[in-house]
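Bear in mind the structure is a predicted one, so any value in this text is a computation, not a measurement.
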Amino acid sequence: MAIASNLVDKDRLPRHVAIIMDGNGRWAKKRGLPRVAGHKVGLESVRAMVKACTEFGIPYLTLYAFSSENWRRPSSEVGFLMRLLEIYLKRELKELDDNGVRINAIGRLEGLPASARRQLALSRRSTAKNSGLTLTLALNYGGRRDILDGVLLAAKAIAKGKLKAGQLNEEVFSGLLQTGKLPDPDLVIRTSGELRLSNFLLWQSAYAEVFFTSTLWPDFRKPQFIEALKDFSQRERRFGDIAPVKR
């Protein structure tokens with residue numbers, strides 16, 4: 001289904017949408033279900049966002065799937081989330097590939113279970129040549145850690161003579177981050193009513209528009225996404241200037 005002209009200004013869509021998928025546990029609790037039930041239904045919201053971005057021609061979607069802090073959760077829940085990641089990648093791989101979606105990942109992936117790493121690597125290889133939506137999964141990811149890793153890379157490059165200290169600017173540093181090959185997000189969405197970024201893409205979101213919604217992630221589907229896009233299309237992006245900047 002194409003975007004209706006009265007719903008969203010298709011000339012003012014974001015190129016890169018990043019989503020903090022929050023509220024699975026609360027969604028389940030409200031229904032008297034175990035937390036894992038919320039994670040299961042949340043996968044349907046992931047499918048809906050991938051499909052919507054593909055339909056709308058939004059080229060980049062980044063999902064905060066598992067933060068570096070999420071290891072603090074009960075081991076049974078963490079194990080379920082890792083298995084759910086594998087299930088999603090296995091179940092959706094053919095459809096994603098058929099629709100030209102390229103799977104990407106950021107975070108300290110070496111910290112994931114071996115089986116999850118293998119499936120993620122297979123999915124990335126299988127879709128590497130696709131030129132449609134780039135779907136980036138942030139796994140074992142933390143924004144502060146990402147910045148610190150970039151600082152260490154810069155320091156090593158300077159120490160080895162591959163980079164002069166005077167050459168290090170924002171553009172060069174951005175390229176050292178795990179998102180170096182991605183444009184910065186234009187729109188960051190957080191579900192569940194929380195009003196914080198929770199260590200997600202801190203450097204990259206410096207000038208992103210942020211949309212907070214009280215909708216819990218399992219209930220966040222295409223209609224709610226359209227509301228976020230409508231809100232984004234009505235904002236004036238100044239980037240520190242006194243007049244809106246066209247990008």
Go through the structure and list residues passing ring-ring contact (aromatic ring centres under 6.0 Å, His included) with Y64, not counting sequence neighbours.
F200

Spell out, as yes or no, whether a donor-acceptor pair under 3.5 Å connects the side chain of N130 to the backbone of V101.
yes

Expected output: side-chain S45 to main-chain F220 donor-acceptor under 3.5 Å:
yes

Does the side chain of I19 reach to within under 4.5 Å of the side chain of L61, using non-hydrogen atoms?
yes

Decide side-chain contact (heavy atoms from CB on, under 4.5 Å) for H39 and L81; before the verdict, give the C-alpha distance in whole Å, the side-chain angles of both, and the deciding distance to 0.1 Å.
CA-CA 8 Å; H39 296 313; L81 287 169; 3.6 Å; yes

Please answer: with hydrophobic residues joined when any side-chain heavy atoms are less than 4.5 Å apart, are V46 and I20 in the same cluster?
no

Heavy-atom check, side chain of R237 versus side chain of D186, under 4.5 Å:
yes

Closest non-hydrogen contact found for I58 with R15 is CG2-O, 3.5 Å

Closer than 3.5 angstrom, by distance alone: can the side chain of T191 be matched with the main-chain N or O of L216 as a donor-acceptor pair?
no

Nearest 0.5 Å, what's the NZ-CG distance between K94 and D98?
4.0 Å

G42 versus N24, closest heavy-atom pair with distance:
CA-OD1, 4.1 Å

If Ile, Leu, Val, Met, Phe, Trp and Tyr residues are connected whenever their side-chain heavy atoms lie under 4.5 Å apart, and connections chain through other members, are L96 and I106 in the same group?
no

Can you see which heavy atom on R26 is nearest to which on S192, and at what distance?
NH2-OG, 3.1 Å

Starting from L139, can I reach I103 by hopping between I/L/V/M/F/W/Y residues whose side chains sit under 4.5 Å apart?
yes

Does L93 reach the side chain of T127, with side-chain heavy atoms less than 4.5 Å apart?
yes

Could you check whether atom CZ of R144 has more than 12 heavy atoms from other residues, nucleotides or ligands sitting under 6.0 Å from it?
no

Between the side chain of Q234 and the main-chain N/O of D231, is any donor-acceptor distance below 3.5 Å?
no

If you take all heavy atoms of R91 and L43, which pair is closest and at what distance?
NH2-CD1, 4.2 Å

Is there a side-chain contact between L229 and L187 (heavy atoms, below 4.5 Å)?
yes

According to ring-ring contact (aromatic ring centres under 6.0 Å, His included), who are the partners of Y207, at least two apart in sequence or on a separate chain?
F239

Donor-acceptor pairs under 3.5 angstrom involving side-chain atoms of residues 110-121: please list them, not counting sequence neighbours.
unit_1: S115; atom_1: OG; unit_2: E86; atom_2: OE2; d: 2.7
unit_1: R117; atom_1: NH1; unit_2: E110; atom_2: O; d: 3.4
unit_1: R117; atom_1: NH1; unit_2: L112; atom_2: O; d: 2.5
unit_1: Q119; atom_1: NE2; unit_2: S123; atom_2: OG; d: 3.4

Say you draw a straight line from OG1 of T54 to CZ of F56; how long is it, rounded to the nearest 0.5 Å?
10.5 Å

Determine whether K40 and F80 make a side-chain contact, defined as any pair of heavy atoms from C-beta on separated by less than 4.5 Å.
yes

Side-chain heavy-atom pair L137, F66 within 4.5 angstrom cut-off
no

Given 3.5 Å as the limit, does a donor-acceptor pair link the side chain of R12 with the main chain of R235, or not?
yes

Under 3.5 Å: donor-acceptor pair, side chain of E77, backbone of P74
no

Considering residues at least two apart in sequence or located in another chain, which fulfil the side-chain contact (heavy atoms from CB on, under 4.5 Å) criterion with R196?
R190, E194, S198

Verdict with supporting geometry, F232 and V17, side-chain contact (heavy atoms from CB on, under 4.5 Å)
CA-CA 11 Å; F232 175 85; V17 176; over 6 Å; no

Residues in side-chain contact (heavy atoms from CB on, under 4.5 Å) with L177, at least two apart?
D146, F173, T179, W203, Q204

Rounded to the nearest 0.5 Å, how far apart are CG of N99 and CD of E55?
9.5 Å

Does one hydrophobic cluster hold both V50 and L84, with members joined at side-chain heavy-atom distances below 4.5 Å?
yes

K90 side, atom NZ; L85 side, atom CG - distance, nearest 0.5 Å
10.5 Å

Hey, could you give me the OG/CD distance between S214 and Q224, rounded to the nearest 0.5 Å?
10.0 Å

Which heavy atom in A18 sits nearest to a heavy atom in L201, and how many Å separate them?
CB-CD1, 3.8 Å

Nearest heavy-atom approach of R35 to A28 is CA-CB, 3.9 Å

CG (L153) and CG (L148) are apart, to the nearest 0.5 Å, by 10.0 Å

Can you hop from L89 to V36 via hydrophobic side chains spaced under 4.5 Å?
yes

Can you find a pair of side-chain heavy atoms, one from L109 and one from R124, that are under 4.5 Å apart?
yes

ILVMFWY clustering at 4.5 Å (side-chain atoms), partners of Y60:
L182

I226 versus K230: any side-chain heavy-atom pair under 4.5 Å?
yes

Please evaluate residues K51 and E44 with respect to the criterion salt bridge (charged side-chain N to carboxylate O under 4.0 Å, His left out), reporting the C-alpha separation (whole Å), side-chain torsions for both, the decisive distance (0.1 Å), and the verdict.
CA-CA 11 Å; K51 185 176 181 181; E44 296 307 312; over 6 Å; no

Is there a donor-acceptor contact under 3.5 Å linking the side chains of S68 and R145?
no

